Amino acid sequence: GAVVSQHPSWVICKSGTSVKIECRSLDFQATTMFWYRQFPKQSLMLMATSNEGSKATYEQGVEKDKFLINHASLTLSTLTVTSAHPEDSSFYICSASFWREQWETQYFGPGTRLLVL
Amino acid sequence: GDSVTQMEGPVTLSEEAFLTINCTYTATGYPSLFWYVQYPGEGLQLLLKATKADDKGSNKGFEATYRKETTSFHLEKGSVQVSDSAVYFCALSDPGSARQLTFGSGTQLTVLP
């Protein structure tokens with residue numbers, strides 16, 4: 001149980017286009033969803049936190065107009081990279097959390113690799 | 001701010017060898033500590049956690065002890081298997097929560113038969 005999917009798993013796009021990445025919790029309703037970014041051989045960096053029906057909270061240094069997050073339901077969050085540029089190329093990972101045994105646990109998706117040409 | 005440093009990989013071991021992946025942290029207070037594992041093509045999975053000093057987390061033969069005095073949380077396994085090949089991430093969060101996670105850079109482990 002507690003499976004999180006991401007779609008697409010990889011995407012290549014031209015500079016200036018927008019790319020949408022979906023994150024779904026398949027068998028549970030998530031309290032919160034998180035979006036991370038990972039550069040090669042570096043840590044996962046938290047980009048933003050979102051709750052269903054409310055605006056996402058972005059981490060310092062993350063442009064909210066660049067990385068649009070929509071959290072339409074308790075099982076779906078989307079990240080749209082607007083007007084993508086080569087420096088946005090990265091590995092994007094989402095997670096979804098819920099409370100279990102008095103502990104809020106995050107369940108991670110497999111990630112989406114974005115390459116902007 | 002909080003940070004996690006873990007040993008760089010990749011690490012290559014033969015089956016049944018002893019594994020240690022070092023992890024040290026910098027944080028104020030008493031964070032909760034975690035090890036996550038990412039198998040090829042899958043999402044990160046929680047492997048084990050410890051929430052206070054001297055706690056030992058364990059799962060699937062892996063162990064890690066929360067050492068406040070050395071600010072460390074080293075991952076160990078006595079006898080690795082090919083199926084343990086994965087990327088391992090050390091992480092910390094605020095006490096009592098896995099919400100705001102700070103990750104290390106990950107260590108790639110390859111176990112050869």
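Remember, it's a predicted structure, so these values are computed and weren't measured experimentally. The sequence lines fix the lettering, A, B, ..., with proteins before strands; numbering per chain opens at 1.
No hydrogens or angles considered: a donor-acceptor pair under 3.5 Å links the side chains of A/T112 and A/Q6. Neither side chain, A/W35 nor A/S95, offers a donor N or O lying under 3.5 Å from an acceptor on the other. A/S15 and A/H85 share a side-chain donor-acceptor pair at under 3.5 Å. A donor-acceptor pair shorter than 3.5 Å cannot be found between the side chains of A/Y36 and A/E59.
With a 4.5 Å cut-off on non-hydrogen atoms, B/E8 does not touch chain A at all. For a residue to count as touching a neighbouring chain, one of its non-hydrogen atoms must lie under 4.5 Å from one of that chain's; by this rule A/T32 touches chain B with the side chain only. Only the side chain of A/L46 comes within contact range of chain B, with heavy atoms under 4.5 Å apart. Only the side chain of B/F89 comes within less than 4.5 Å of a heavy atom of chain A; its backbone N, CA, C and O stay farther away. In this structure, the portion of A/Q38 lying under 4.5 Å from any heavy atom of chain B is its side chain and not its backbone. Interface remark: A/T49 contributes side-chain atoms only to the contact with chain B (heavy atom separation under 4.5 Å).
In plain terms, the two heavy atoms of A/P110 and B/Q38 that are nearest each other are O-NE2, 4.3 Å.
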